[in-house]
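So the structure is just underneath, and the comments pick up after that.
We name chains A, B, ... by the order of the sequence lines, and we start the count at 1 in each one. Quantities reported herein were computed from a predicted structural model and do not represent experimental measurements.
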2 protein chains.
Amino acid sequence: MTSPAVSSRDLPHPVRDEIRLEGVLHALSDPMRLRIVRELATASGELSCSHFDLPVTKSTTTHHFRVLRESGVIRQVYRGTAKMNGLRRDDLDGLFPGLLDALLDAAGRQAVRGG
Amino acid sequence: MTSPAVSSRDLPHPVRDEIRLEGVLHALSDPMRLRIVRELATASGELSCSHFDLPVTKSTTTHHFRVLRESGVIRQVYRGTAKMNGLRRDDLDGLFPGLLDALLDAAGRQAVRGG
DNA sequence: ACCGTACTACGATGCCTATCGTACGAGTCG
DNA sequence: CGACTCGTACGATAGGCATCGTAGTACGGT
């Protein structure tokens with residue numbers, strides 16, 4: 001099978017109008033979460049949590065994904081045992097045109113610079 | 001007299017290459033600090049700390065300005081008894097082109113939306 | 001039914017931070 | 001000098017948060 005059905009377990013997401021700029025910035029001000037978002041941006045599509053190899057425990061990884069979801073940066077959905085993650089590009093671009101691209105570009109430049 | 005001399009008291013600022021994206025985002029993720037930066041952006045020029053009428057005490061205001069300065073978002077200089085504040089536009093635009101404008105635009109849209 | 005994988009929940013810990021109040025220093029003006 | 005304004009320093013406090021470990025749940029495959 002290629003793609004297990006979406007589970008009935010659902011996760012609370014803010015609707016578009018509930019997304020706050022301060023929350024987004026706070027979510028992205030953590031190096032680990034910025035790294036996650038950068039990886040999600042390059043891989044156009046959904047990625048499972050376990051795809052990420054972060055230098056923290058799984059508990060902490062769960063925590064970071066929750067912060068990203070609750071701030072409105074990513075959307076999460078269960079698919080089988082996996083939890084798939086995707087950037088909320090449409091919502092973010094709709095609310096804050098150009099912001100996400102500027103942030104990703106900034107993060108990319110800093111990475112090149114050495115960070 | 002129109003503009004008192006700059007005092008010998010000087011304040012530590014990060015040089016351009018020391019400015020970290022995470023630090024900038026963290027600085028701007030606080031509503032009070034975002035408000036300060038928005039006001040600084042509209043008033044092209046320097047503003048004294050006392051120009052701002054924030055719903056917090058003066059101690060707290062000092063704290064927020066320090067966070068903004070240490071993260072590289074603003075530059076501060078003493079001029080007489082006043083402490084003048086200015087956005088580090090050149091440095092930020094040099095490091096992260098388009099980011100500051102995107103952030104200010106995003107903050108503006110959210111303010112219109114009701115925030 | 002059983003096992004393994006993926007992720008969660010909960011509690012603990014230590015650090016960071018937004019806030020305040022009070023007391024103080026630096027500068028200007030009379 | 002003295003009074004006043006602007007901003008700082010320091011301590012306290014309360015809440016937030018990044019991290020961990022352990023124990024547990026949900027799902028898929030055998």
Would one find a side-chain N or O of [X] under 4.0 angstrom from OP1 or OP2 of [N]?
| X | N | result |
| --- | --- | --- |
| B:Thr60 | C:dC20 | yes |
| A:Arg66 | C:dC7 | no |
| B:Ser50 | D:dG7 | yes |
| A:His51 | C:dA6 | no |
| A:Thr81 | C:dT5 | no |
| B:Ser59 | C:dG21 | no |
| B:Arg79 | D:dC6 | no |

Practice task
Decide whether A:Val77 and A:Leu87 are clustered together by the hydrophobic rule: side chain heavy atoms of Ile, Leu, Val, Met, Phe, Trp, Tyr closer than 4.5 Å, transitively.
Solution key: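 In one cluster with A:Val77: A:Leu87, no.
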Handout entry: Same cluster (ILVMFWY, side-chain, under 4.5 Å), A:Met84 and A:Val73
Key =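 No: no chain of side-chain contacts under 4.5 Å links A:Met84 to A:Val73.
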Rounded to whole Å, please give me the gap between [atom1] in [X] and [atom2] in [N].
| X | N | atom1 | atom2 | value |
| --- | --- | --- | --- | --- |
| A:Phe65 | D:dT19 | CZ | P | 13 Å |
| B:Arg33 | C:dT19 | CZ | C1' | 12 Å |
| A:Tyr78 | D:dT25 | OH | P | 14 Å |
| A:His63 | C:dA12 | NE2 | C1' | 15 Å |
| B:Asp10 | D:dG7 | CG | C1' | 16 Å |
| B:Leu11 | C:dA26 | CG | P | 14 Å |
| A:Met32 | D:dC17 | CE | P | 16 Å |
| A:Lys58 | D:dT22 | NZ | P | 14 Å |

Handout entry: Side-chain heavy atoms of A:Arg33 within contact of A:Leu54, under 4.5 Å
Key =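 With C-beta onward as the side chain, the pair stays apart.
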Exercise for the section: Would you indicate which nucleotide in C:dA6, D:dG7, C:dT17 comes nearest to any side-chain atom of B:His26? Expected result: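 Shortest atom-to-atom distance from the side chain points to C:dT17.
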Problem - Closest listed nucleotide, where the reference is the side chain of A:His64 and the choices are D:dG21, D:dG7, D:dA18 - result: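 From the listed options, D:dA18 comes nearest.
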Practice task
List the atom of B:His26, the atom of A:Ser29, and the distance in Å for their closest heavy-atom pair.
Solution key: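 That would be N-CB, 3.4 Å.
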Practice task
Would you kindly compare A:Gly80 and A:Val56 by the position of their nearest DNA chain D nucleotide and give the one closer to the 5′ end?
Solution key: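 Between the two, 5'-proximity favours A:Val56.
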Problem - No-hydrogen, no-angle side-chain donor-acceptor test under 3.5 Å, A:Thr60 and A:Thr57 - result: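 A:Thr60 vs A:Thr57: donor-acceptor pair found between side chains.
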